[in-house]
*Asks:* 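Quick one: the structure is below, questions incoming.
All residue numbers in this chain count up from 1 along the given sequence. Each ligand, and each atom within it, is numbered from 1 in the order the structure gives.
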Amino acid sequence: MRMGIGFDTHRLVEGRKLILGGVDIPHETGLLGHSDADVLTHAIMDALLGAIADGDIGQHFPDTDPKWAGADSIALLRAVVARLSDQGWRVGNVDATVLAERPKLMPHLPAMRERLAAAMNVDVGAVSVKATTVEGLGAIGRREGISALATATVLPLA
Ligand code: MG
């Protein structure tokens, strides 16, 4: 078994959708980025790539490449899982925490787990997504952005 860690942050702005874990969440602001800016899915992708020491998402899906403009991050996660598979690995489990002052994410966590698990070909019981505020402190507390942390284990395919 191997393990990895991932972290990501995106800025919250008006006029963008808020997509977290592949789920479109109604909110007055959304995350800014070259892709759909799904900060949770990005942190998970980096944790998986970290587990197999295969670089990071900035390397595999550079934000300078027009190919990834507006990209569905769930599709990118599937591509990362295919990279794992090509190298003899499958996803073991994922644990993630989203740091967001608003909106309240608890009602959306089950849908995020379902989407992420389906993209990674694992049972929903292998995918944990948690949410916390930062008690109003700092940039996240001022609702200027959202961050996500993830850890993942990978197991040999055979
Ligand atoms: Mg990102």
*Asks:* If I only include protein atoms of type N, O or S, how many are less than 2.8 Å from the Mg ion (ligand 1)?
*Replies:*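 Total protein N/O/S atoms under 2.8 Å from the Mg ion (ligand 1): 3.
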*Asks:* In plain terms, say whether Arg83 and Asp54 are close enough for a salt bridge, that is, a side-chain N and a carboxylate O under 4.0 Å apart.
*Replies:*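 The answer is yes: the pair qualifies as a salt bridge.
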*Asks:* So does Lys104 have more than 12 non-hydrogen atoms from other groups sitting under 6.0 Å from NZ?
*Replies:*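 Count not over threshold, so no.
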*Asks:* For the pair Asp36 and Arg16, find out whether any cationic side-chain nitrogen is under 4.0 Å from an anionic carboxylate oxygen.
*Replies:* no
*Asks:* For Asp123, does the CG atom have more than 12 heavy-atom neighbours from other residues, nucleotides or ligands under 6.0 Å away?
*Replies:* no
*Asks:* Who else is in Leu32's hydrophobic cluster (ILVMFWY, side-chain heavy atoms under 4.5 Å, direct or via others)?
*Replies:* Val13
*Asks:* Any side-chain heavy atom of Arg90 sitting closer than 4.5 Å to one from Ser85?
*Replies:*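 No - every pair of side-chain heavy atoms lies 4.5 Å or more apart.
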